[in-house]
K.L.:
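Mind having a look at this structure? Questions to follow.
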Amino acid sequence: MTMPLVEMKDVTVRFDGARTVHAVNGVNLTLMPGETLSILGESGSGKSVTLKTLLRLLPENRTAIGGEVRVAGADVLSLDGRALANHRGGVVSMIFQDPMLALDPVYTIGDQIAEAVVRHEGVSRQAGLARALDMLTRVRIPSPERRMKAYPHEMSGGMRQRAMIALALACRPKLLLADEPTTALDATVQIQILLLLRELQREFGMAMIFVTHDIGVAVEVSDRIAVMYAGEFVETGTVRQIIREPRHPYTKGLLAANLHGAVKGERLDAIPGAPPALETKPTACSFAPRCPVRQEGCETARPPVASFDPGRMVRCIHAVEPALA
Amino acid sequence: MNPAPASLPETAPKPPLLSVNGLRKHFPLKGGLFGQTTGVVRAVDGVSFDVAEGETLGIVGESGCGKSTTARLLVDLITPDDGQILLESRRLGVDLDVRELRRHVQMVFQDSYASLNPRLTMEDAIAFGPRVNGMAAAKATALAHELLAKVGLEPRRFAGRYPHELSGGQRQRVNIARALAFSPKVVILDEAVSALDKSVEAQVLNLLADLKKELGLTYIFISHDLNVVRYISDRVMVMYLGEVAEIGPVETLYANPTHPYTRALLAAMPSMDPDRRTEEAPLTGDPPNPINPPSGCRFHPRCRNAESVCSAGSPGLFKLPSDRHLVACHAAIPGSGHSLAEMPA
């Protein structure tokens with residue numbers, strides 16, 4: 001049996017400062033090599049924080065991380081020094097929404113990619129530059145020889161996104177973390193980047209965790225979806241299960257709000273209210289105040305977790321009942 | 001004595017509420033040592049359309065297509081280089097002045113925080129416009145409270161708050177309330193729901209529908225989200241590099257897109273069916289920028305059906321036989337010389 005590539009057990013993240021925020025409240029996650037999971041959620045749901053935990057990118061002095069995080073056999077929370085540096089970029093790599101902030105403005109694209117390869121694989125600069133050219137070709141940047149010498153500001157938005165993907169994949173990571181990489185792009189460019197990621201993933205056999213607020217994007221790239229609300233997964237399942245048989249009221253609300261197939265002139269089933277502030281650790285169902293099918297007990301006790309087959313989970317009292325009936 | 005609406009009088013039995021003719025705005029690009037003009041951004045280049053009373057016109061297109069510039073031109077936040085703007089057949093600059101135009105045509109922007117003065121409470125922000133226009137302070141405040149209630153914010157709780165004390169969705173409700181303070185006829189919503197989370201976006205869309213029904217409003221709804229535009233619009237206008245590519249009733253346009261760019265935009269929407277994921281990107285490359293746009297049809301360098309006629313001349317908007325559906329594509333214009341076009345009858 002193959003070992004899971006990523007295992008997160010009861011991961012919690014709390015930010016301490018002027019204000020305490022319980023950003024992640026008990027996330028469990030298992031990802032097999034080559035698999036793609038989308039984390040779907042709204043702003044403040046903790047999806048980006050979950051990703052950054054896997055790379056230990058959160059500010060150490062203000063963050064309290066609990067639980068267990070293992071990637072490719074390594075205990076991520078205890079890594080430091082050289083081992084952490086090798087982990088970042090070598091085993092796990094990340095792409096962001098804004099490539100202008102991820103790329104260094106004063107080095108050419110070719111030099112940046114070559115530097116990463118030299119650092120991680122200990123090869124010559126010549127070999128690093130050759131890998132950079134190969135990567136730019138693979139992400140389909142037109143005339144890659146010329147683009148090797150280009151600075152980030154000389155490229156268009158879609159092109160910069162491709163360059164960042166080339167940089168992230170240059171050292172053949174086992175896991176790619178993608179934090180809303182297509183949100184800022186135009187529709188016709190977004191679909192190009194999604195198809196490119198899907199193809200590169202197949203080619204390199206890497207696993208991917210894709211964070212997005214757009215269900216359509218999640219459907220295009222992933223095998224499984226985890227719906228996140230107030231720092232926890234409220235529902236997980238395959239893409240088909242989430243799209244066709246959503247069980248959690250929040251998932252249902254999100255699907256309705258996507259407006260795909262909404263009938264013109266009819267009122268939308270909008271979820272009322274706004275997400276909680278997370279200043280305290282949730283002691284009840286976090287979604288209860290907004291829930292259309294809330295019942296007695298939802299606002300006083302933690303909701304039961306209904307697990308079906310592995311990978312299918314719903315954190316809602318209503319999901320348990322039909323199974324008993 | 002009113003001038004007749006110049007475009008397509010046969011499409012509307014009564015004159016359109018708002019009519020735009022040949023709107024044009026070019027921005028010079030300064031560069032070099034002495035700040036010479038080195039190029040021209042053709043942001044909006046000959047745009048014409050009508051909006052009927054009570055309808056919602058959606059405007060879609062990618063960044064740089066001129067949809068926001070069009071919106072700003074409509075309320076004279078930018079002065080057009082050329083073209084006419086008519087409100088109820090009265091022409092801006094002739095028998096309609098800017099103050100009156102802006103009373104009737106209001107706007108809501110994408111960035112709900114930047115749109116509000118951080119030092120004004122919500123009631124002051126909403127009452128500001130009416131007071132400047134001569135309304136007594138007490139009356140303006142009462143109006144502000146009434147409008148807050150109308151957009152679903154309880155005045156007692158929200159009137160005294162500052163912008164930073166509100167969530168994005170609440171701030172956008174305040175911006176809508178403020179736009180309504182003059183009882184406008186037209187409200188332009190420029191990506192007004194794009195920055196909101198999906199669940200909050202649905203609440204605001206419901207609010208917009210309620211207000212429209214209650215107050216008989218007309219909307220111009222600018223968005224890049226084709227699902228939202230389909231839901232809210234009666235007619236949709238597709239823009240590409242400063243020009244109108246296609247305009248028509250929402251059902252016709254989504255069911256039967258005629259311009260290759262409209263087709264590509266619709267095909268680029270992520271699939272919602274895991275068994276039928278997108279396999280091929282409908283267009284390659286990035287949208288070109290509107291500095292020195294291509295000759296002829298501006299879409300021809302990215303178009304699969306491009307022929308010599310496409311680079312030779314601009315197609316112009318052509319009225320299709322189906323109701324109120326216009327398209328600017330040589331392949332759809334009989335006798336244009338394009339091999340896919342029908343022969344003229």
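Side chains are part of it too, since the values below use all heavy atoms of this structure and drop only hydrogens, waters and symmetry mates. Order of the sequence lines sets the chain letters (A, B, ...), proteins ahead of strands, with each chain counted from 1.
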K.L.:
Under 4.5 Å heavy-atom distance to chain B, tell me which part of A:Arg140 shows up: side chain, backbone, both or neither.
P.N.:
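Answer is neither: A:Arg140 stays 4.5 Å or more from chain B.
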K.L.:
So, B:Asn175 versus B:Gln172: side-chain donor-acceptor pair below 3.5 Å or not?
P.N.:
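Yes, a side-chain donor-acceptor pair sits under 3.5 Å.
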K.L.:
Counting only heavy atoms closer than 4.5 Å, note whether A:Gln190 contacts chain B via side chain, backbone, both or neither.
P.N.:
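For A:Gln190, the side chain is the part near chain B, not the backbone.
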K.L.:
Please work out which of the three classes, parallel, tilted or perpendicular, describes the rings of B:Tyr240 and B:Phe299, given edges at 30° and 60°.
P.N.:
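The rings of B:Phe299 and B:Tyr240 stand perpendicular, inter-plane angle above 60°.
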K.L.:
If I measure from the heavy atoms of chain A, does B:Asn289 come under 4.5 Å with its side chain, its backbone, both, or neither?
P.N.:
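Neither part.
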K.L.:
Need one label for B:Val250: side chain, backbone, both or neither, based on atoms under 4.5 Å from any heavy atom in chain A.
P.N.:
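Only the side chain of B:Val250 comes within 4.5 Å of chain A.
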K.L.:
Heavy-atom distance under 4.5 Å to chain A: side chain of B:Leu226, backbone, both or neither?
P.N.:
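It is neither, since no heavy atom gets under 4.5 Å.
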K.L.:
Can you check whether anything in residues 207-217 of chain A gets within less than 4.5 Å of chain B, heavy-atom wise, and list it by number?
P.N.:
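Listed by number: A:His213, A:Ile215, A:Gly216, A:Val217.
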K.L.:
Below 4.5 Å from any heavy atom of chain A, which atoms of B:Glu201 appear? Answer side chain, backbone, both or neither.
P.N.:
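The side chain, not the backbone.
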K.L.:
Under a 4.5 Å cutoff for heavy-atom pairs, which residue among B:Val204, B:Asp210, B:Asp225, B:Asp275 has the most contacts with chain A?
P.N.:
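The residue among B:Val204, B:Asp210, B:Asp225, B:Asp275 with the greatest pair count is B:Asp275.
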K.L.:
For B:Arg161, what residues pass the salt bridge (charged side-chain N to carboxylate O under 4.0 Å, His left out) criterion, not counting sequence neighbours?
P.N.:
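Listed in chain order: nothing, the list is empty.
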K.L.:
Assess the side chains of A:Thr183 and A:Gln97: does a donor N or O sit below 3.5 Å from an acceptor N or O?
P.N.:
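No, no side-chain donor-acceptor contact under 3.5 Å.
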K.L.:
Can you tell me how the ring of B:Tyr261 sits relative to the ring of B:His259, calling it parallel under 30°, perpendicular over 60° and tilted otherwise?
P.N.:
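Aromatic pair B:Tyr261/B:His259 classed perpendicular.
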K.L.:
Could you give me the CA-CA distance, side-chain angles and deciding distance for A:Arg244 and B:Asp273, then say whether salt bridge (Lys or Arg N to Asp or Glu O under 4.0 Å) is met?
P.N.:
CA-CA 9 Å; A:Arg244 296 190 185 142; B:Asp273 184 348; 3.0 Å; yes
K.L.:
What part of A:Leu255 gets within 4.5 angstrom of chain B, counting heavy atoms only: side chain, backbone, both, or neither?
P.N.:
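A:Leu255 touches chain B through side-chain heavy atoms alone.
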K.L.:
Please flag which part of A:Ser222 lies under 4.5 Å from any non-hydrogen atom of chain B: side chain, backbone, both or neither.
P.N.:
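Answer is backbone: N, CA, C or O of A:Ser222 sit under 4.5 Å from chain B.
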K.L.:
Please classify the contact of B:Asp234 with chain A as side chain, backbone, both or neither, using a heavy-atom distance under 4.5 Å.
P.N.:
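For B:Asp234, backbone and side chain are both near chain A.
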K.L.:
Side chain, backbone, both or neither: which part of B:Ser167 has a non-hydrogen atom closer than 4.5 Å to chain A?
P.N.:
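It is neither, since no heavy atom gets under 4.5 Å.
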K.L.:
Below 4.5 Å from any heavy atom of chain B, which atoms of A:Leu195 appear? Answer side chain, backbone, both or neither.
P.N.:
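Side chain only.
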K.L.:
Using a distance-only test with no angle check, is there a side-chain donor-acceptor pair under 3.5 angstrom linking B:Ser199 and A:Glu42?
P.N.:
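Judged by distance alone, the side chains do pair up.
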K.L.:
Closest approach of A:Leu169 and A:Leu200, non-hydrogen atoms and distance?
P.N.:
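Minimum heavy-atom separation between A:Leu169 and A:Leu200: CD1-CD1, 3.8 Å.
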K.L.:
Just by distance, no angles: are the side chains of A:His22 and A:Glu279 close enough, under 3.5 Å, to form a donor-acceptor pair?
P.N.:
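No, no side-chain donor-acceptor pair sits under 3.5 Å.
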K.L.:
Measure distances from B:Glu251 to the heavy atoms of chain A and classify the residue's part below 4.5 Å as side chain, backbone, both or neither.
P.N.:
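When you check distances to chain A, only side chain atoms of B:Glu251 fall under 4.5 Å.
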